[in-house]
Each structure stands twice: as C-alpha cells, then as structure tokens.
Amino acid sequence: MSFVRTLTGDIDPQEMGFTYSHEHLVCIPPYWRERGEDDLLLDDKEKTKRDVLDFKRHGGRTIVDATAVDYGRRVEEVKATAEETGIFVIGTAGFNKSFLWSAQLPERLRGLIGDYETYYRWIDEASIHQLAEFVIREVEEGLEGTPCKGGQVKFGTGYNRITPLEIKTIRAVARAHHETKAPIHSHTESGTMALEQMEILREEGVDLSCVSFGHMDRNPDPYYHEQVAKTGAFLCFDGIGKIKYGPESMRIDCILSLVEKGYEDQILISGDTARKSYYKHYDHGLGLAYIIAKWVPRLVDEADRRGLDGERLVRKFFFDNPARCFAFKT
C-alpha cells in the first residue's frame, strides 16, 4: 500500500489535499549566508508561519519543502510550523547543485557526516555508496539526526552542465530511491539538463515515472517539455508569480499545451518561494497565498477559454498528481 511521508508522520496520499509541490519554508543556506545575501535567508519561523496560515485559510493542505542538506535546513522549525498550523509538510533528503558546495559544512552536520571543511570535500571524498547510505538514513531514520523523516530524495545540476560530483550525487540518490522507494525530485538550473539527467537515472535503473523535474517553466520550450513528458516523468512548473522570468501567460500556455498533448496527469504547480521578498510576511511579497487565491482562478479562466475544463485541471495539478508523485511505491 502506498503512503506519503511527512515530517509529522506517514499519511494516506488522499489526505494531502491541495498541495504546493516545491517550496522552502525555514532555511539559512550556508552559501548565501557567507555572501551576505540576506534576501535568501528564510530565518524567521514566525513570519513563515503567517504565510503558511494564509495558504491554509484559502484551502491549502500540504507543502513540499524541497530544502536539501546543503541548503541550510531548519528541520525542527519546519516541523513546528507544520504542527502549529495543521499543514502537512514533506521534507527532502539528498542534495542540491554543486556551486553551493564551496560553503563551510556546519558544525551540527560534522558529527553526522564527518569532519569535512566544506560540502565539496565531503561529496568529493565520500563514495557513492556512502552518500547513498546518508540519504537512506535521512528517509528511514530522520533528517540531520532528528526524528523527522524525509519524504522525497533530491539531486540537482547546474546551468547547461553536469559536473562529475553532481553525477555522483545523482547516482547516490538513485540508489537511495531503490532502497527506500522514496520519490525523486530533480533541480534543473533554468530548466536545463533534464534529458541528460534522465540518461544517468536510466543507467541506474530508475523508473522515470517516480521522478519530478523542477523549474520546467524557466525553460519555456513546449517541444522540450514534451520530450520530458514522453518519459512518464512529472514536470514541476514552480516559478509561478516570478514575472522577472516571464509573464504568467507564458507559464500557463506551456502548461495548457502539455494538457492538449495528453500529459495533464504529469503536471505539478508551485512557487519555489525561497526569498524574503517573495513572502508577504517577510517583505510584502506575493506570499504563499498567491497561487491558490489569485493564480488558480486565472488558470481556470484561461483553460476554459481553450475548451478545457479548468476546475478539473486544478484537481489534477494540486490534488491528484501530487498524491501520485509523492507516494512511496511499496
């Protein structure tokens, strides 16, 4: 029987309700902290909590927190946010992209991982097997030594490139997936290298229907999206509200084009709200309520204008597809 693993326990997939598939709630990424990039430090649990409550008031039920070990997770604070708001939060085991790995490894992790100076030294010196064992522990025992278990495993690559160490983490995450049956999430920088990532996953025997590929809307190429969708993988359009990367019409058109080609069962939606300036209660941004309260009605309207059933697509993108994507296949 399948289940979804949240920070507060395992649930039936049908309990997830309305779901954002890629967010960040409380995290202090060492790479950005070392560079004084305050906007990228989500360091106030109470402000995050207020945005989560806005999401809940509009009918939100589950948030996937895609913060990996190299991005400054605050596991206990995120769990407390889940408990205090009554929202389910899915945590993430695994890794992000390699340019983050020059950062100093926090003291709290050295007791779990080893006395490495940086994430780079750890990932470089550890074997694929050792990295996989670390990810497995985070899914089966708990993230960073806490009792809060990871509900998906993640890897990432850079813009139009995959480094040798990123290949190493892809293989480690794939092997952890085989052991735990946890779903896989991929960070694609600006929506690039998904097809190349797939080649490595296939070498590791991964069923691509167990993988979601993030940032697909950063590469608004309908042909490319179709090639990803043909594999059975999920496509995560997680830049909603980020007009600096393109208008909402562009994202909605890409999504509805996939629907018209028959891939509505593989689409996920979220905001990747990873800056204070994106949050309402940190810095007056659109906030976590934006998609559910304002973007969804526009999606419904545009879908209906194209002869599609907008309300049915909302059910697919925010309820049914996440319930399948984030379920452990036992």
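- Residue pairs meeting the ring-ring contact (aromatic ring centres under 6.0 Å, His included) criterion with at least one partner in residues 247-283, sequence neighbours excluded, are Tyr279-Tyr282.
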Given the rule in the salt bridge (Lys or Arg N to Asp or Glu O under 4.0 Å) test, do Arg312 and Glu264 qualify, once you have shown the distances and angles that lead to the verdict?
-> CA-CA 10 Å; Arg312 185 178 64 83; Glu264 63 187 44; 2.4 Å; yes
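- Ring planes of Phe99 and Tyr31: perpendicular class, angle over 60° (limits at 30 and 60°).
- Under the 4.0 Å criterion applied to side-chain N and carboxylate O atoms, Arg110 and Glu107 are assigned as salt-bridge partners.
- Here the CG-CG distance, from Leu105 to Asp115, works out to 8.5 Å after rounding to the nearest 0.5 Å.
- Residue Lys261 qualifies as enclosed at atom NZ: its count of foreign heavy atoms under 6.0 Å is above 12.
- Atom NZ of Lys45 has more than 12 neighbouring heavy atoms from other residues, nucleotides or ligands inside a 6.0 Å radius.
- The closest side-chain donor-acceptor pair between Thr188 and His215, if any, does not fall under 3.5 angstrom.
- A salt bridge does not link Arg275 to Asp283: none of the charged side-chain nitrogens sits closer than 4.0 Å to a carboxylate oxygen.
- Shortest non-hydrogen contact noted between Met193 and Tyr224 is N-OH, 3.4 Å.
- One finds a salt bridge joining Arg121 and Glu125 here, because a Lys/Arg side-chain nitrogen approaches an Asp/Glu carboxylate oxygen to under 4.0 Å.
- Each of Lys79, Lys49, Lys56, Arg50 was scored for a salt bridge (Lys or Arg N to Asp or Glu O under 4.0 Å) with Glu84, with one residue passing: Lys49.
- Ionic pairing of Asp44 and Lys276 is not present here: no N-O contact between side-chain nitrogen and carboxylate oxygen is shorter than 4.0 angstrom.
- Remark: Tyr120 OH is loosely packed, at most 12 non-hydrogen atoms of other residues, nucleotides or ligands lying under 6.0 Å away.
- Residues Arg218 and Glu189 are not paired through a salt bridge, judged by the lack of any N-O separation under 4.0 Å between the basic side chain and the carboxylate.
- Cation-pi geometry between Arg315 and Phe319 is met: the NZ or CZ atom falls under 6.0 Å from the ring centre, inside 45° of the normal.
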Can Ser270 and Glu23 be said to form a side-chain hydrogen bond (donor to acceptor under 3.5 Å, both in side chains), step by step?
-> CA-CA 7 Å; Ser270 207; Glu23 298 296 337; 2.7 Å; yes
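- Checked for salt-bridge contact, Glu140 and Lys149 miss the test: no charged N lies under 4.0 Å from a carboxylate O.
- Under the 3.5 Å distance criterion, with hydrogens and angles disregarded, no donor-acceptor pair is assigned to the side chains of Thr157 and Glu166.
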